[in-house]
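In what follows, a single structure is set out as structure tokens and then discussed.
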Amino acid sequence: MEEGEYESVLCVKPEVHVYRIPPRATNRGYRAAEWQLDQPSWSGRLRITAKGQVAYIKLEDRNSGELFAQAPVDQFPGTAVESVTDSSRYFVIRIEDGNVR
């Protein structure tokens with residue numbers, strides 16, 4: 001990523017929910033019905049941005065804009081975003097700690 005590249009905002013969703021999901025027991029995929037949908041672990045805003053060839057799914061506090069988590073997406077379909085098998089409304093995103101090298 002070059003220094004001169006700027007970040008573009010592609011999409012903003014003002015309210016999203018994050019759930020702690022159980023590990024997959026089999027290769028059948030994730031099922032939203034197995035999550036506790038009435039008890040989100042976190043709620044806030046989602047912004048999808050792009051910088052260069054990488055998109056970022058950012059979960060932010062809806063008031064302060066403080067970053068809760070982010071998932072870089074360098075290709076789709078890929079491991080960063082997976083759809084669930086029983087709903088078109090829910091997705092599993094793989095977040096990364098930006099401090100880990």
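Since the model is a prediction, treat every value here as computed from it, not as a measurement.
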Here the salt bridge (Lys or Arg N to Asp or Glu O under 4.0 Å) pairs for residues 64-73, sequence neighbours left out, are none
Qualifying residues under side chain to side chain donor-acceptor pair (under 3.5 Å), relative to Q36, sequence neighbours excluded: none
Could you list the donor-acceptor pairs under 3.5 angstrom formed between side-chain atoms of residues 8-21 and any protein atom two or more places apart in sequence or on another chain?
unit_1 : atom_1 : unit_2 : atom_2 : d
H17    : ND1    : S43    : OG     : 2.7
Y19    : OH     : L37    : O      : 3.2

Kindly indicate whether the side chain of E82, heavy atoms from C-beta on, has any atom under 4.5 Å from the side chain of R94. yes
Identify the two heavy atoms, one from A69 and one from L67, that lie closest to each other, and give their separation to 0.1 Å. O-CD1, 3.4 Å
Could you work out, with side chain to side chain donor-acceptor pair (under 3.5 Å) as the rule, every residue matching D74, not counting sequence neighbours? none
For Q75, all residues meeting side chain to side chain donor-acceptor pair (under 3.5 Å), sequence neighbours excluded: none
Where A80 and P72 come nearest, the two heavy atoms and their spacing: CB-O, 3.4 Å
Beyond-backbone contact of V81 with I57, side-chain heavy atoms, under 4.5 angstrom: yes
One should read off an interatomic distance between L59 CG and I93 CD1, to the nearest 0.5 angstrom, of 4.5 Å
Within one Ile-Leu-Val-Met-Phe-Trp-Tyr cluster: I95 and I48, side-chain cutoff 4.5 Å: yes
Is the shortest side-chain heavy-atom distance between W35 and V84 below 4.5 Å? yes
Quick check: does any side chain N or O of T85 sit under 3.5 Å from a backbone N or O of Y30, one acting as donor and the other as acceptor? yes
Salt bridge (charged side-chain N to carboxylate O under 4.0 Å, His left out) between E7 and K51, worked out: CA-CA 5 Å; E7 183 175 68; K51 192 168 186 179; over 6 Å; no
Are side-chain heavy atoms of R45 and D61 found at a separation under 4.5 Å? no
Which residues pass the side chain to side chain donor-acceptor pair (under 3.5 Å) test with R31, not counting sequence neighbours? none
Please say whether more than 12 non-hydrogen atoms of neighbouring residues, nucleotides or ligands are located less than 6.0 Å from CG in D38. yes
